[in-house]
Trainee: 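Quick one: the structure is below, questions incoming.
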Amino acid sequence: MAAPGLRLGMEKLFEMPAAVGRQSRAYSKSQNFAEVLRLPKSQLTKLVYPLQELEQHLVRDTRPHLHMRVFDPSLEDIARAESVFAASQRNRIEYVSSAVRLDHAPALSRPEGHTKKMNFFKVGKYFTVVDMPGYGYRAPEDFVDMVEAYLKERRNLKRTFLLVDSAVGITKTDNIAVEMCEEFALPYVMVLTKIDKPSKGHLLKQVLEIQKFVNTQTQGCFPQLFPVSSVTYSGIHLLKCFIANITGNLN
């Protein structure tokens, strides 16, 4: 079974927020992608294709040097991918185990940075998602032995996702993670989190700087960034579609 390495909080992938902020107060957990498709075009673009919405503010001369949208699926593709992540009796999304003990189920409501062990989640018959501890000053003491060994030795990893705070940009600890992925020749992706926090101008500035970093200083990183927000749900549908695609489950 494919086991993509994801350092993503499970609540951000498998649950809808209570509301999608200013974009659509009517969009809630009980609704599905069919409701998203009925949003006005501008709201739909901002929610599903955040990079496309940001591109509108770019000067034309900067575009030829960027890989803003390498993965650009149709709305039909995204709707198909949603079924992979939709929990049902036939498609169970369940916690499998902790790397330490089987009875240690993770508390998904914990604040960011509190994951201390690797947690495994089986997504139906499709793949397994591994929720890893964050790197940096909050990393557990056995981070190197636990995470680096897994990433280096696991042969069926499809992709590793590095979460970067969009309001802060790439930090020294992010660079350590990038260097690790490059050293191990891991295919990886940068997911820009909290895009609801910074102003549109600051977010665009960060996107351009991080995109330049990916283009000029990495070899194994997927050329497209994935900006997301767990508050507004912006970009989450596209990210889930990408995961379904790289694990061979889009079709």
Side-chain angles (χ1 to χ4, degrees), residues 2-17 20-21 23-24 27 29 31-33 36-37 39 43-55 67-87 93 108 112 115 121 123-124 126-132 134 157-167 174 177 181 186-197 203 206-207 210-211 214 221-251:
L6 290 175
R7 218 212 93 210
L8 291 176
M10 294 301 98
E11 73 279 5
K12 298 176 185 178
L13 276 180
F14 304 132
E15 294 184 11
M16 300 291 189
V20 185
Q23 293 177 358
S24 175
Y27 183 43
K29 285 186 179 183
Q31 295 173 310
N32 56 37
F33 197 63
V36 177
L37 295 175
L39 292 173
Q43 291 183 8
L44 186 148
T45 299
K46 188 173 183 180
L47 178 65
V48 181
Y49 302 110
L51 278 181
Q52 184 176 334
E53 199 267 339
L54 284 173
E55 270 187 318
H67 302 285
M68 292 290 283
R69 286 186 288 156
V70 178
F71 180 70
D72 197 16
S74 66
L75 290 171
E76 290 77 12
D77 289 333
I78 295 175
R80 265 203 316 278
E82 287 293 308
S83 64
V84 173
F85 293 90
I93 297 174
L108 298 182
E112 180 181 328
T115 301
F121 296 81
V123 183
Y126 301 108
F127 50 81
T128 298
V129 175
V130 184
D131 185 22
M132 295 184 171
L157 275 174
K158 289 293 184 181
R159 203 64 51 106
T160 298
F161 291 75
L162 302 182
L163 272 62
V164 177
D165 190 324
S166 65
D174 292 324
C181 289
L186 296 173
Y188 63 103
V189 179
M190 285 198 190
V191 178
L192 308 187
T193 65
K194 306 176 185 177
I195 63 172
D196 56 288
K197 297 289 186 180
L203 176 60
Q206 292 286 20
V207 166
I210 297 171
Q211 188 71 69
V214 170
C221 188
F222 190 70
Q224 178 174 326
L225 306 176
F226 285 86
V228 298
S229 167
S230 62
V231 174
T232 67
Y233 219 64
S234 181
I236 297 292
H237 294 293
L238 183 65
L239 178 60
K240 290 197 292 185
C241 186
F242 179 74
I243 294 170
N245 183 59
I246 61 175
T247 55
N249 294 295
L250 186 56
N251 297 317

Trainee: Under the rule for side-chain hydrogen bond (donor to acceptor under 3.5 Å, both in side chains), what residues qualify as partners of N249, not counting sequence neighbours?
Mentor: T247
Trainee: Ignoring hydrogens, what is the shortest heavy-atom contact between R159 and F222? Give both atom names and the distance.
Mentor: NH1-CD1, 3.9 Å
Trainee: Pairs under 3.5 angstrom only: tabulate donor-acceptor contacts from the side chains of residues 47-54 to other protein residues two or more places apart or in another chain.
Mentor:
unit_1: Y49; atom_1: OH; unit_2: P73; atom_2: O; d: 2.8
unit_1: Q52; atom_1: OE1; unit_2: R69; atom_2: NH1; d: 3.2
unit_1: E53; atom_1: OE2; unit_2: K200; atom_2: NZ; d: 3.1

Trainee: As an exercise, state the distance from CD1 of I236 to CZ of F226, rounded to the nearest 0.5 Å.
Mentor: 11.5 Å
Trainee: Hey, what do you get for CG (D196) to OG1 (T232), rounding to the nearest 0.5 Å?
Mentor: 5.5 Å
Trainee: Distance from M132 atom CE to L162 atom CG, nearest 0.5 Å?
Mentor: 10.5 Å
Trainee: Rounded to the nearest 0.5 Å, what's the gap from NE2 on H237 to CG on L239? Could you check?
Mentor: 11.0 Å
Trainee: Give me the ring orientation class for F161 and F242: parallel if the planes are under 30° apart, tilted from 30 to 60°, perpendicular past 60°.
Mentor: perpendicular
Trainee: Give me the atom names and distance for the closest heavy-atom approach of A244 to V84.
Mentor: CB-CG2, 4.3 Å
Trainee: Please check this pair: side chain of E82 against backbone of F33, looking for a donor-acceptor N/O pair closer than 3.5 Å.
Mentor: no
Trainee: When you compare the side chain of V123 with that of I243, does any pair of heavy atoms fall below 4.5 Å?
Mentor: no
Trainee: Quick check: do T193 and S230 have side-chain heavy atoms less than 4.5 Å from each other?
Mentor: no
Trainee: Rounded to the nearest 0.5 Å, what's the gap from CD on E76 to CG on L37? Could you check?
Mentor: 8.0 Å
Trainee: Which pair of non-hydrogen atoms, one from Q224 and one from F71, has the smallest distance, and what is that distance?
Mentor: OE1-N, 2.6 Å
Trainee: Taking side chain as C-beta onward, heavy atoms only, is Q206 less than 4.5 Å from L192?
Mentor: no
Trainee: Enter the distance from M190:CE to D174:CG here, rounded to the nearest 0.5 Å.
Mentor: 7.0 Å
Trainee: Is there a side-chain contact between Q211 and L225 in this structure, where contact means two heavy atoms from C-beta onward sitting under 4.5 Å apart?
Mentor: yes
